[in-house]
Every structure is written in C-alpha cells, then in structure tokens.
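Working notes, beginning with the structure itself.
As the structure lists them, so they are numbered: ligands from 1, and atoms in each ligand from 1.
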Amino acid sequence: MAQALESIPNNVDLSGDRRLQRALEQWQPNFLSWWREVGPEGFQAHQIYLRTAVSVEPDGWATFDYVRMPEYRWGIFLAPKGGERKIGFGDNYGEPAWDEVPGEHRNALRRIIVTQADTEPASVEQQRLLGGVAPSLYDLRNIFQVNVEEGRHLWAMVYLLHRHFGRDGREEAEELLARRSGSSDKPRILNAFNEPIDDWLSFFMFAMFTDRDGKYQLSALAESGFDPLARTTRFMLTEEAHHLFVGEMGVDRVVQRTAELMAQGKDPRQNGAVPLDVIQRYLNQWFTLSLDLFGGEVSSNAADFFAAGLKGRFREDDQPEHKALSETYRLEVPENGALVAQEVPLRNAMNEVLRDEYVKDCQRAVDRWNKTLQRSGVNGLSLRLPSRRFHRGVGPCATATFDPEGRLISEADYEARKGEWLITERDRAYVKALMHPVHERGKVASWIAPPNKGINGMPVGYEYVKPPDA
Ligand SMILES: [Fe+2]
Ligand SMILES: [Fe+2]
C-alpha cells in the first residue's frame, strides 16, 4: 500500500509524514470501492483521454493521456506558499495567516471544509448514469474529466481533514464516503446534491449554475486566514474553470442547435431538439436552486466566518476596505404582502455579496447564449435570468411567491403559472426521450450542435474514449 501511496502525485511531502501516510493508506481503498460502487457506470475499463495534475507547475498541472478511470492518479496539491501570507479581512486583518487550525475556529473550519467536501463525491454520484447516453465521445470524455477531478477535490479536502483535524477529521473523511446522494437515511448535506441528474440538459445546467456556486464558495475560501485551506481551494479553482466551461458551452450548443432549426422555420420538437421554452425552464430551475446554495440573505454565520477570517469575499484584495464594519447593505424583502427595503450590517450580508458576483457571472453566460441565438438567425427571442427572488427555498423570499420578474404574486397565481416557469413532468419526459448514446467518432446527437474545438488541440472527431480492448 505504501507503494501505491507513493504514486499519488503531491506537493505536501506525503512521504515525510508517517501519521498522515497511515491515515491516507486506510482511506484510499475505501475511496476506490466508493468510486467503483457509485462512480460512473459502465466505463471503468475504457481508456479515457484525460488530463491529470502531476504538479502545480505551469507544465505539470494538466498532462493529457489515455487513462482508465480507477487508475487515475488522484493527487494532492496546494497552490505554492507565496511568502508570508497575512489574513486579508475581518477582525484579524493584517495578522499572519495560520498554518495550523486555531483552537477557537476548529469547529467552524471543520464544518466549512466538510460541507464543501461533501459536494464533490455527491456530484459524481448524481451523474453516474449519464455516460450511457452521452451525445458524443467529446462530451463523454468531458463528463468523466469533471468526475475524476471532483474525486480529486474530495482527496484534497480529505487531506486537510486528515492532516489538521486529528481523529475527528478521520471520522469525517469516512463519513464523506458513507453518505449517498439521494439516500433517505444518509443523504448528502446540501439539497441540490440529492437531486438525480439523469439527462444531459440537466448536467449542463448543473455544471453551469451549481458548479458555479462552487466556484464562488471556493473563491471565498481561497481568501481564508487558514492558509492550507486557501492554498487547496486555489488549486481546485484552476480545475473548476473547465467544469464551468463544460456547462456553459454545453448549454450554448443546445441553444445553437435549437436556434438553427428555428431560423430554418423548423419546429425543434419535430426535429429531435430542445424547444427554447424548455431550455428557459431548465435555466430557471437550476439557477434558482443554485442561488439557495449561497444561504440566507441575512446570516449571522456568514458574519462570524468573515469576522474570524475564515471566509472572505470574492477577490477580497479588490475591496476598498477589509473589515466591513462601518458599511451596510440594502436588501428588499417581502413583508406583509409588499417588498420593503432593509439595511443590514455588511458583515451579515456576506452571502448576498457573494451571490451578487455569482448573478453577474450567470448574466454574462446568458448574454453569450443570446448572441448565439442571434448569430444563428433567431431574432426577437431571448433567454433570461429570472429574478433572484423567484422560486427560492432559502431566505426571506422563500416566505412569499414571486414571478420570474421578481414581482410579488399570490400563491394561487404562482401555482397556476408555475408550469410556464419551472420544469414540468412533460419537459422532463421529452428531454429524457431525446437521450440516446452517440458513441461513434465525430458524430453528435440531434439535440446539440457539435463543439467548435476539440480538447487539448485534438480534432473534434478524436477518439476521446476508447473501448477497453482497443
Ligand atoms: Fe469540485
Ligand atoms: Fe466542479
């Protein structure tokens, strides 16, 4: 087993820490049985054209080759230490960043790390059946790339738990392999990660909207005063960029296919593509589900995490002031059937501050999709990001009903119209019926346009996934 461990690429001097090595040696076989049990179904012996991080150097963090997924080299990397880092925000602003967990923040940090870590294996479980109905070899390879990297993110977080949280950390690491997405007795921690993802439109929406929440959470943790967490999440973000690309461009290609048919005067529904109104409902549903992952608009937890220097803002360095003590944040919340303005201390609005950045980023992607619509010759129709008040399950807006424009409406109106706005059973059945495997080189399913570029300079029609005996 020690030998197997040496094959784990890392820049954390694994071989120099006996205790840590033993802990990881015990965890590794459990990880592999987890992967075999609930990882991607049906392609474990296939050879996948994957990138592997083998070091944090510019030429080492993305090495491409054919790999069988269970043999993927899940590495442990922290972004290199850049001199003496200082805590960049909160009450301890300007003090040296911590290399070890401060006793008074131990529980909060463990909670933060476990909650983030839990999403990584959860998403692999949610997506496990999608390989069987992939729209092309290119897409098949991409989902597996995302899956193995989420597996690596789990490794990265488990390293932190084992290295810094003693026995509690080891127990948490076991629990991460014991919970299951969608299970009734041991579900994953966050709700969005218990929904099955059984069609590719949902997968692309997930990678676009839900994984993007992950980007903003990781960015906030990349500012953390707990330096090992900051450095771990920084390196994870380099991989995360690809996942978001897969989601954003996946949706873009679905939009393009639909738009091309519409521009020719053809009905997407009669031609094996996804009608624009269905795309809009998927967008509404996944965007709003993902908004909830940021937590409540007013949050004392968020204030505490900021004050303690555990979780900062997106690009904290760009903020004019790092204590956030004197400013307030203006919110509009429903109260007795009307929207009323509320001023809250900025620290209590940190979830909302992060959500602002996320919404801007999502709007940028929607603008791109609308350009694709126009370029393909569809005029006068566009996709829209719904209001962040619409269809919320968390925060003050969850106590009232809103339309996608953010107007307060009665519950009766909401119920009567929600089939226009959110995914219906009919939509789900229609999209599911489109899912057929296209596993031939260079071919692509009827409901999606081909990508305009391959992976790592390879052609679009490259054999990104080879059968076991090829
Ligand atoms: Fe991840
Ligand atoms: Fe991801």
Side-chain angles (χ1 to χ4, degrees), residues 31 34-35 38-40 48 50-53 56 61-62 69 72-79 112-128 130-131 139-161 172-173 176-177 179 181 188-190 192-195 197 200 202-222 224 228-251 286-287 289-290 293-294 311 314 354 358 361-362 365 455:
F31 170 80
W34 166 81
W35 178 270
V38 284
I48 326 286
L50 292 176
R51 72 173 182 192
T52 305
V56 292
W61 85 268
M69 285 186 280
Y72 189 77
R73 296 173 71 209
W74 282 283
I76 300 169
F77 295 105
L78 276 63
I112 288 172
I113 290 170
V114 167
T115 307
Q116 174 61 40
D118 194 63
T119 65
E120 316 284 355
S123 68
V124 174
E125 294 164 6
Q126 284 173 295
Q127 298 160 17
R128 61 186 303 261
L130 288 178
D139 292 292
L140 187 60
R141 175 265 170 210
N142 280 350
I143 194 171
F144 293 153
Q145 183 70 62
V146 171
N147 291 159
V148 294
E149 283 174 353
E150 302 305 8
R152 201 200 67 73
H153 295 172
L154 173 61
W155 268 92
M157 295 311 229
V158 161
Y159 161 76
L160 290 180
L161 289 169
E172 294 284 13
L176 285 166
L177 296 177
R179 284 186 286 272
S181 176
R188 291 294 172 185
I189 296 170
L190 299 171
F193 292 85
N194 284 309
E195 304 272 321
I197 297 181
W200 277 75
S202 296
F203 167 66
F204 289 136
M205 292 289 177
F206 173 94
M208 164 68 210
F209 290 112
T210 309
D211 230 8
R212 194 172 303 270
D213 156 71
K215 169 187 166 175
Y216 285 87
Q217 300 303 330
L218 292 175
S219 301
L221 297 178
S224 183
L229 177 60
R231 289 161 55 215
T232 301
T233 46
R234 257 177 231 174
F235 190 72
M236 287 160 77
L237 280 165
T238 58
E239 291 164 323
E240 214 50 65
H242 176 67
H243 309 179
L244 304 184
F245 163 86
V246 167
E248 183 173 337
M249 296 313 289
V251 175
W286 282 98
F287 172 64
L289 257 179
S290 307
L293 292 171
F294 287 81
K311 191 175 169 189
F314 182 66
L354 197 58
Y358 171 79
D361 196 11
C362 290
I455 299 293

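- Taking the six-membered ring for Trp, Y159 and W155 have ring centres at least 6.0 Å apart.
- For E120, the nearest N, O or S atom to the Fe ion (ligand 1) falls under 2.8 Å.
- For the Fe ion (ligand 2), the nearest N, O or S atom contributed by D211 is named OD2.
- The minimum distance between the Fe ion (ligand 2) and any N, O or S atom of E240 involves atom OE2.
- Restricting H243 to its N/O/S atoms, the shortest distance to the Fe ion (ligand 2) is reached by ND1.
- Ion pairing between a basic and an acidic side chain is recognised when a charged N comes within 4.0 Å of a carboxylate O; E239 and R51 show no such pairing.
- W34 and F31 have tilted rings, their planes meeting at an angle from 30° to 60° on a 0 to 90° scale.
- Around the Fe ion (ligand 1), the angle linking H153 (ND1) with E150 (OE1) is 100°, rounded to 10 degrees.
- F203 and L130 get closest at one heavy-atom pair: CB-CD1, 3.5 Å.
- Classified by interplanar angle (parallel below 30°, tilted 30° to 60°, perpendicular above 60°), the ring pair F294/Y216 is tilted.
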